[in-house]
Amino acid sequence: MILPRRTLLAGGAGLLLAGCDKVAAIPQARKILFSGEDMHRGLQRALQDRGALAPEFTPEQMSPIFRANGTRDPGTPAYAAMVANDFADYRLHVGGLVDRPLSLSLAQLASMPARKQITRHDCVEGWSAIGAWQGPMLGTVLHAAGMRRSARYVVFTCADLYNGRPYYESIDTVDAFHPQTILALKMNGARLTVPHGAPVRLRVERQLGYKHAKYVTGIDAVDSLAGIGKGKGGYWEDNVDYDWYAGI
Ligand SMILES: Nc1nc2c(c(=O)[nH]1)N[C@H]1C(S)=C(S)[C@@H](COP(=O)(O)O)O[C@H]1N2
Ligand SMILES: [Mo]
(Lines give C-alpha, C1' and ligand atoms only; values in the text may rest on other atoms or scores of the structure.)
(Ligands and ions follow the chains in the order given, each with its own letter.)
Protein backbone atom coordinates (compact mmCIF):
# COMPACT_ATOMS: atom_id res chain seq x y z
CA MET A 1 0.00 0.00 0.00
CA ILE A 2 1.62 3.22 -1.07
CA LEU A 3 -0.83 5.53 0.69
CA PRO A 4 -0.26 6.34 4.34
CA ARG A 5 -3.33 5.42 6.37
CA ARG A 6 -3.55 8.83 7.97
CA THR A 7 -3.84 10.48 4.57
CA LEU A 8 -6.72 8.21 3.63
CA LEU A 9 -8.60 8.76 6.86
CA ALA A 10 -8.14 12.49 6.64
CA GLY A 11 -9.47 12.36 3.07
CA GLY A 12 -13.02 13.17 2.05
CA ALA A 13 -14.54 15.40 4.67
CA GLY A 14 -11.55 17.72 4.97
CA LEU A 15 -11.33 18.29 1.28
CA LEU A 16 -15.07 18.63 0.95
CA LEU A 17 -14.71 21.67 3.16
CA ALA A 18 -11.69 22.83 1.24
CA GLY A 19 -13.70 22.60 -1.97
CA CYS A 20 -16.55 24.70 -0.58
CA ASP A 21 -14.23 27.18 1.09
CA LYS A 22 -12.51 27.71 -2.19
CA VAL A 23 -15.60 29.13 -3.85
CA ALA A 24 -17.03 30.87 -0.81
CA ALA A 25 -13.70 32.46 0.08
CA ILE A 26 -13.62 34.46 -3.11
CA PRO A 27 -16.03 37.35 -2.51
CA GLN A 28 -15.99 38.24 -6.18
CA ALA A 29 -17.07 34.75 -7.12
CA ARG A 30 -19.89 34.74 -4.60
CA LYS A 31 -21.11 38.04 -5.91
CA ILE A 32 -21.21 36.80 -9.46
CA LEU A 33 -22.67 33.41 -8.62
CA PHE A 34 -25.34 34.53 -6.21
CA SER A 35 -26.15 38.10 -7.20
CA GLY A 36 -29.46 36.98 -8.65
CA GLU A 37 -29.83 40.00 -10.89
CA ASP A 38 -28.68 38.41 -14.09
CA MET A 39 -29.32 34.88 -13.12
CA HIS A 40 -32.22 32.55 -13.65
CA ARG A 41 -33.83 31.61 -10.35
CA GLY A 42 -33.51 27.90 -11.09
CA LEU A 43 -29.82 28.17 -11.77
CA GLN A 44 -29.28 30.06 -8.54
CA ARG A 45 -31.10 27.37 -6.58
CA ALA A 46 -29.06 24.67 -8.32
CA LEU A 47 -25.79 26.36 -7.42
CA GLN A 48 -26.76 26.87 -3.79
CA ASP A 49 -27.83 23.24 -3.40
CA ARG A 50 -24.70 21.69 -4.88
CA GLY A 51 -23.69 20.08 -1.59
CA ALA A 52 -27.07 18.42 -0.96
CA LEU A 53 -27.27 14.63 -1.02
CA ALA A 54 -29.10 12.70 -3.72
CA PRO A 55 -31.89 10.51 -2.31
CA GLU A 56 -30.79 7.09 -1.05
CA PHE A 57 -32.99 4.01 -1.05
CA THR A 58 -33.45 0.74 0.84
CA PRO A 59 -32.37 -2.68 -0.49
CA GLU A 60 -36.06 -3.52 -1.03
CA GLN A 61 -36.35 -0.62 -3.45
CA MET A 62 -33.56 -1.83 -5.73
CA SER A 63 -34.53 -2.48 -9.35
CA PRO A 64 -34.64 -6.17 -10.30
CA ILE A 65 -33.15 -5.21 -13.65
CA PHE A 66 -30.58 -2.47 -14.16
CA ARG A 67 -29.93 -2.09 -17.86
CA ALA A 68 -26.51 -1.29 -19.23
CA ASN A 69 -26.27 1.64 -21.60
CA GLY A 70 -23.72 3.16 -23.96
CA THR A 71 -20.66 0.95 -24.22
CA ARG A 72 -21.40 -2.56 -22.89
CA ASP A 73 -17.88 -3.88 -23.57
CA PRO A 74 -14.95 -1.70 -24.66
CA GLY A 75 -13.81 -4.65 -26.77
CA THR A 76 -10.29 -3.36 -27.42
CA PRO A 77 -7.31 -5.74 -27.27
CA ALA A 78 -5.98 -3.84 -24.25
CA TYR A 79 -9.27 -4.14 -22.38
CA ALA A 80 -9.76 -7.78 -23.37
CA ALA A 81 -6.29 -8.53 -21.97
CA MET A 82 -7.23 -6.92 -18.66
CA VAL A 83 -10.45 -8.95 -18.49
CA ALA A 84 -8.53 -12.15 -19.27
CA ASN A 85 -6.22 -11.39 -16.37
CA ASP A 86 -9.08 -10.53 -14.02
CA PHE A 87 -7.80 -6.92 -13.99
CA ALA A 88 -4.56 -7.86 -12.19
CA ASP A 89 -2.77 -5.44 -14.56
CA TYR A 90 -5.32 -2.67 -14.25
CA ARG A 91 -3.95 0.64 -13.02
CA LEU A 92 -5.80 3.85 -12.32
CA HIS A 93 -3.60 6.79 -13.23
CA VAL A 94 -4.17 9.99 -11.27
CA GLY A 95 -2.33 13.01 -12.61
CA GLY A 96 -2.52 16.56 -13.87
CA LEU A 97 -2.51 19.25 -11.19
CA VAL A 98 -1.46 16.98 -8.33
CA ASP A 99 1.67 16.90 -6.16
CA ARG A 100 1.83 13.09 -6.13
CA PRO A 101 0.76 11.37 -9.35
CA LEU A 102 -0.59 7.91 -8.53
CA SER A 103 -0.84 4.59 -10.30
CA LEU A 104 -3.30 2.52 -8.27
CA SER A 105 -4.04 -1.17 -8.58
CA LEU A 106 -7.51 -2.54 -7.96
CA ALA A 107 -6.28 -3.99 -4.66
CA GLN A 108 -5.06 -0.56 -3.55
CA LEU A 109 -8.39 1.03 -4.46
CA ALA A 110 -10.25 -1.75 -2.67
CA SER A 111 -8.19 -1.21 0.50
CA MET A 112 -9.35 2.40 0.85
CA PRO A 113 -12.30 3.25 3.10
CA ALA A 114 -15.40 2.71 1.00
CA ARG A 115 -18.82 4.31 0.86
CA LYS A 116 -21.97 2.33 0.09
CA GLN A 117 -25.03 3.96 -1.40
CA ILE A 118 -28.28 2.87 -2.99
CA THR A 119 -29.25 5.50 -5.52
CA ARG A 120 -31.35 6.08 -8.60
CA HIS A 121 -29.60 6.34 -11.94
CA ASP A 122 -31.39 8.61 -14.41
CA CYS A 123 -30.44 8.36 -18.07
CA VAL A 124 -31.14 11.27 -20.37
CA GLU A 125 -32.81 8.77 -22.71
CA GLY A 126 -35.67 8.43 -20.25
CA TRP A 127 -35.07 5.35 -18.09
CA SER A 128 -34.11 5.05 -14.43
CA ALA A 129 -32.93 2.24 -12.17
CA ILE A 130 -32.08 1.94 -8.49
CA GLY A 131 -28.84 0.16 -7.65
CA ALA A 132 -26.30 -0.24 -4.85
CA TRP A 133 -22.79 1.11 -5.36
CA GLN A 134 -19.63 0.77 -3.31
CA GLY A 135 -16.13 2.17 -3.55
CA PRO A 136 -13.78 4.86 -2.25
CA MET A 137 -14.86 8.47 -2.37
CA LEU A 138 -13.23 10.26 -5.27
CA GLY A 139 -12.18 12.92 -2.76
CA THR A 140 -10.10 10.35 -0.87
CA VAL A 141 -8.15 9.50 -4.02
CA LEU A 142 -7.69 13.15 -5.01
CA HIS A 143 -6.52 13.96 -1.49
CA ALA A 144 -4.02 11.10 -1.58
CA ALA A 145 -2.68 12.50 -4.85
CA GLY A 146 -2.36 15.96 -3.33
CA MET A 147 -4.61 17.77 -5.78
CA ARG A 148 -3.51 21.37 -6.08
CA ARG A 149 -5.73 24.30 -5.27
CA SER A 150 -5.33 25.53 -8.84
CA ALA A 151 -7.38 22.55 -10.07
CA ARG A 152 -10.96 23.42 -11.04
CA TYR A 153 -12.07 20.27 -12.85
CA VAL A 154 -11.46 16.55 -12.76
CA VAL A 155 -11.34 14.75 -16.11
CA PHE A 156 -12.01 11.02 -16.51
CA THR A 157 -10.50 8.98 -19.33
CA CYS A 158 -12.10 5.64 -20.12
CA ALA A 159 -11.06 2.37 -21.73
CA ASP A 160 -13.82 2.41 -24.38
CA LEU A 161 -13.37 4.19 -27.68
CA TYR A 162 -15.78 6.43 -29.56
CA ASN A 163 -14.60 7.29 -33.07
CA GLY A 164 -11.24 5.81 -32.12
CA ARG A 165 -10.74 7.95 -29.03
CA PRO A 166 -11.34 7.20 -25.35
CA TYR A 167 -14.68 8.25 -23.86
CA TYR A 168 -14.13 11.15 -21.48
CA GLU A 169 -16.12 13.15 -18.99
CA SER A 170 -15.45 15.86 -16.43
CA ILE A 171 -16.89 17.31 -13.25
CA ASP A 172 -15.93 20.33 -11.18
CA THR A 173 -14.27 20.24 -7.78
CA VAL A 174 -17.60 20.75 -5.99
CA ASP A 175 -18.93 17.47 -7.35
CA ALA A 176 -15.51 15.81 -7.09
CA PHE A 177 -15.58 16.24 -3.30
CA HIS A 178 -19.31 15.59 -2.87
CA PRO A 179 -19.61 12.70 -0.38
CA GLN A 180 -21.67 10.59 -2.82
CA THR A 181 -19.14 10.95 -5.62
CA ILE A 182 -17.36 7.60 -5.53
CA LEU A 183 -15.21 5.39 -7.69
CA ALA A 184 -17.46 2.35 -7.64
CA LEU A 185 -15.77 -1.05 -7.59
CA LYS A 186 -18.96 -2.93 -6.72
CA MET A 187 -22.56 -2.86 -7.90
CA ASN A 188 -25.38 -4.62 -6.03
CA GLY A 189 -22.83 -6.28 -3.74
CA ALA A 190 -20.66 -7.87 -6.41
CA ARG A 191 -17.66 -6.66 -8.37
CA LEU A 192 -18.60 -4.49 -11.33
CA THR A 193 -19.44 -6.48 -14.45
CA VAL A 194 -18.10 -5.51 -17.85
CA PRO A 195 -21.44 -4.04 -19.06
CA HIS A 196 -21.57 -1.76 -16.00
CA GLY A 197 -18.01 -0.44 -16.28
CA ALA A 198 -15.55 -2.93 -14.78
CA PRO A 199 -13.31 -2.54 -12.95
CA VAL A 200 -13.94 1.09 -11.91
CA ARG A 201 -16.72 3.51 -12.73
CA LEU A 202 -17.65 6.94 -11.48
CA ARG A 203 -20.84 7.57 -9.54
CA VAL A 204 -21.70 11.26 -9.39
CA GLU A 205 -25.16 10.99 -7.95
CA ARG A 206 -26.39 14.54 -8.42
CA GLN A 207 -26.04 14.29 -12.19
CA LEU A 208 -27.51 12.39 -15.14
CA GLY A 209 -26.23 9.02 -16.33
CA TYR A 210 -23.83 10.11 -19.04
CA LYS A 211 -21.63 11.82 -16.44
CA HIS A 212 -21.05 8.47 -14.67
CA ALA A 213 -17.95 7.42 -16.61
CA LYS A 214 -17.47 3.64 -16.85
CA TYR A 215 -14.13 1.83 -17.45
CA VAL A 216 -12.16 4.69 -15.85
CA THR A 217 -8.41 4.37 -16.42
CA GLY A 218 -7.29 7.95 -15.89
CA ILE A 219 -8.18 10.87 -13.66
CA ASP A 220 -6.63 14.26 -14.33
CA ALA A 221 -7.00 17.45 -12.35
CA VAL A 222 -7.04 20.47 -14.67
CA ASP A 223 -7.68 24.20 -14.40
CA SER A 224 -9.55 24.45 -17.70
CA LEU A 225 -11.54 22.19 -20.02
CA ALA A 226 -10.28 24.06 -23.08
CA GLY A 227 -7.68 21.45 -23.94
CA ILE A 228 -9.97 18.44 -23.42
CA GLY A 229 -11.63 17.03 -26.55
CA LYS A 230 -13.40 19.90 -28.30
CA GLY A 231 -13.47 21.94 -25.10
CA LYS A 232 -16.95 21.24 -23.71
CA GLY A 233 -15.80 18.73 -21.11
CA GLY A 234 -17.14 15.39 -22.31
CA TYR A 235 -17.82 13.14 -25.27
CA TRP A 236 -21.56 13.86 -25.45
CA GLU A 237 -21.10 17.53 -24.62
CA ASP A 238 -18.63 17.86 -27.49
CA ASN A 239 -20.55 15.79 -30.02
CA VAL A 240 -24.28 15.95 -29.38
CA ASP A 241 -24.61 19.13 -27.36
CA TYR A 242 -25.61 17.58 -24.01
CA ASP A 243 -25.19 20.00 -21.10
CA TRP A 244 -21.88 19.81 -19.24
CA TYR A 245 -23.70 20.33 -15.93
CA ALA A 246 -26.39 17.66 -15.93
CA GLY A 247 -27.75 18.24 -12.43
CA ILE A 248 -30.82 16.34 -11.22
N1 LIG B 1 -17.02 4.94 -20.62
C2 LIG B 1 -18.33 5.12 -20.77
N3 LIG B 1 -19.05 5.56 -19.72
C4 LIG B 1 -20.38 5.74 -19.85
C5 LIG B 1 -21.05 5.53 -21.07
C6 LIG B 1 -20.28 5.05 -22.16
O7 LIG B 1 -20.78 4.80 -23.27
N8 LIG B 1 -18.92 4.87 -21.97
N9 LIG B 1 -22.42 5.74 -21.16
C10 LIG B 1 -23.02 6.62 -20.13
C11 LIG B 1 -24.49 6.58 -20.09
S12 LIG B 1 -25.34 7.46 -21.27
C13 LIG B 1 -25.16 5.99 -19.07
S14 LIG B 1 -26.85 6.09 -18.90
C15 LIG B 1 -24.45 5.17 -18.08
C16 LIG B 1 -25.01 3.77 -18.08
O17 LIG B 1 -24.47 3.02 -17.05
P18 LIG B 1 -24.82 1.50 -16.95
O19 LIG B 1 -24.39 0.85 -18.23
O20 LIG B 1 -24.15 0.96 -15.76
O21 LIG B 1 -26.34 1.42 -16.84
O22 LIG B 1 -23.06 5.11 -18.30
C23 LIG B 1 -22.49 6.31 -18.76
N24 LIG B 1 -21.05 6.17 -18.75
MO1 LIG C 1 -27.45 7.75 -20.40
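Residue indices begin at 1 and follow the sequence shown. Each ligand, and each atom within it, is numbered from 1 in the order the structure gives. Quantities reported herein were computed from a predicted structural model and do not represent experimental measurements.
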**Student:** Is the shortest N/O to N/O distance between Trp127 and ligand 1 below 3.5 Å?
**Tutor:**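 No, there is no polar N/O contact under 3.5 Å.
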**Student:** When you look at Arg91 and Thr217, which way does the side chain to side chain contact (heavy atoms under 4.5 Å, CB included) test go after all the steps?
**Tutor:** CA-CA 7 Å; Arg91 292 294 180 277; Thr217 56; over 6 Å; no
**Student:** Less than 6.0 angstrom separating the ring centers of His143 and Phe177, yes or no?
**Tutor:**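 No, too far apart.
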**Student:** Please state which protein non-hydrogen atom is closest to atom 13 (C) of ligand 1 and give its distance, to 0.1 Å?
**Tutor:**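 For atom 13 (C) of ligand 1, the nearest protein heavy atom is Gly209 O, 3.6 Å.
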**Student:** Out of all atoms in ligand 1, which are within 4.0 Å of some heavy atom of Tyr215? Include the element for each.
**Tutor:**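 Taking each heavy atom of Tyr215 in turn, ligand 1 has 1 (N) under 4.0 Å.
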**Student:** Minimum distance, heavy atoms only, to atom 17 (O) of ligand 1: which one of Arg201, Arg67, Glu125 is it?
**Tutor:**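 The nearest heavy atom belongs to Arg201.
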**Student:** Salt bridge or not for Glu56 and Arg115, using N-O below 4.0 Å?
**Tutor:**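 Salt bridge between Glu56 and Arg115, a charged N being under 4.0 Å from a carboxylate O: yes.
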**Student:** For ligand 1, is any non-hydrogen atom under 4.0 Å from Tyr210's backbone (N, CA, C, O), its side chain (CB onward), both, or neither?
**Tutor:**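 Both backbone and side chain.
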**Student:** Which ligand 1 atoms are under 4.0 Å away from a heavy-atom of Tyr162?
**Tutor:**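 Counting from 1, the qualifying ligand atoms are 6 (C), 7 (O).
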**Student:** Please state which part of Ala213 comes within less than 4.0 Å of ligand 1, counting heavy atoms only: side chain, backbone, both or neither.
**Tutor:**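 Backbone only.
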**Student:** In terms of atom number and element, which parts of ligand 1 are under 4.0 angstrom from non-hydrogen atoms of Cys123?
**Tutor:**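 Every atom of ligand 1 under 4.0 Å from some heavy atom of Cys123: 14 (S).
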**Student:** Check each of Arg206, Arg152, Arg50 against Asp175 using the salt bridge (Lys or Arg N to Asp or Glu O under 4.0 Å) test, and report the only one that passes.
**Tutor:**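 The option that passes is Arg50.
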**Student:** Please tell me whether Tyr168 and Phe156 form a close aromatic pair, meaning their ring centres lie under 6.0 Å apart.
**Tutor:**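 Centroid distance Tyr168-Phe156: not below 6.0 Å, so no.
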**Student:** Ring centroid separation for Tyr210 and Tyr242, is it under 6.0 angstrom?
**Tutor:**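 Close enough - the centres of the two rings lie under 6.0 Å apart.
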**Student:** Give the atoms of ligand 1, by number and element, whose distance to some non-hydrogen atom of His212 is under 4.0 Å.
**Tutor:**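 With His212 as reference, the close atoms of ligand 1 come out as 22 (O), 23 (C), 24 (N).
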**Student:** For Arg67, look at atom CZ and say whether over 12 heavy atoms of other residues, nucleotides or ligands are found less than 6.0 Å away.
**Tutor:**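 Check passes, neighbour count above 12.
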**Student:** Please list the nearest protein heavy atom to atom 1 (N) of ligand 1 with its residue and the distance rounded to 0.1 Å.
**Tutor:**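 Answer, as residue, atom name and distance: Asp160 OD1, 2.8 Å.
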**Student:** Consider ligand 1: state whether an atom of it lies below 4.0 angstrom from any non-hydrogen atom of His121.
**Tutor:**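 Yes, His121 has a heavy atom closer than 4.0 Å to ligand 1.
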**Student:** Could you pull out the closest heavy-atom pair between Ser103 and His93, with the gap in Å?
**Tutor:**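 Nearest heavy atoms, Ser103 then His93: OG-CE1, 3.7 Å.
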**Student:** Between Arg165 and Asp160, is the closest basic N to carboxylate O distance under 4.0 Å?
**Tutor:**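 Answer for the salt bridge query: no.
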**Student:** Which ligand 1 atoms does Pro195 reach within 4.0 Å, using its non-hydrogen atoms?
**Tutor:**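 Heavy-atom distances to Pro195 below 4.0 Å select 19 (O).
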**Student:** Main chain of Trp236, side chain of Tyr167: is a donor-acceptor contact present, judged purely on distance under 3.5 Å?
**Tutor:**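 No: the side chain of Tyr167 does not pair with the backbone of Trp236.
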**Student:** Under 4.0 Å from a heavy atom of Cys158: give me the atoms of ligand 1 that qualify, with their elements.
**Tutor:**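 That gives atoms 1 (N) of ligand 1.
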**Student:** To the nearest 0.1 Å, how far is atom 3 (N) of ligand 1 from its closest protein heavy atom, and which atom is that?
**Tutor:**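 Nearest protein contact, heavy atoms only, for atom 3 (N) of ligand 1 is Lys214 N, 2.9 Å.
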**Student:** Could you check Trp133 against Phe57 for ring pair (Phe, Tyr, Trp, His ring centres under 6.0 Å), going step by step and ending with a plain yes or no?
**Tutor:** CA-CA 11 Å; Trp133 304 97; Phe57 300 83; over 10 Å; no
**Student:** Who's the nearest protein heavy-atom neighbour of atom 20 (O) of ligand 1, and how far?
**Tutor:**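 Going by distance alone, atom 20 (O) of ligand 1 is nearest to His196 ND1, 2.7 Å.
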**Student:** With heavy atoms only and a cut-off of under 4.0 Å, state how Ala129 meets ligand 1: side chain, backbone, both or neither.
**Tutor:**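 Under 4.0 Å from ligand 1, Ala129 contributes no heavy atoms.
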**Student:** State the atoms of ligand 1, each with its element, that fall below the 4.0 Å cut-off from a heavy-atom position in Phe66.
**Tutor:**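 So the atoms of ligand 1 that pass are 21 (O).
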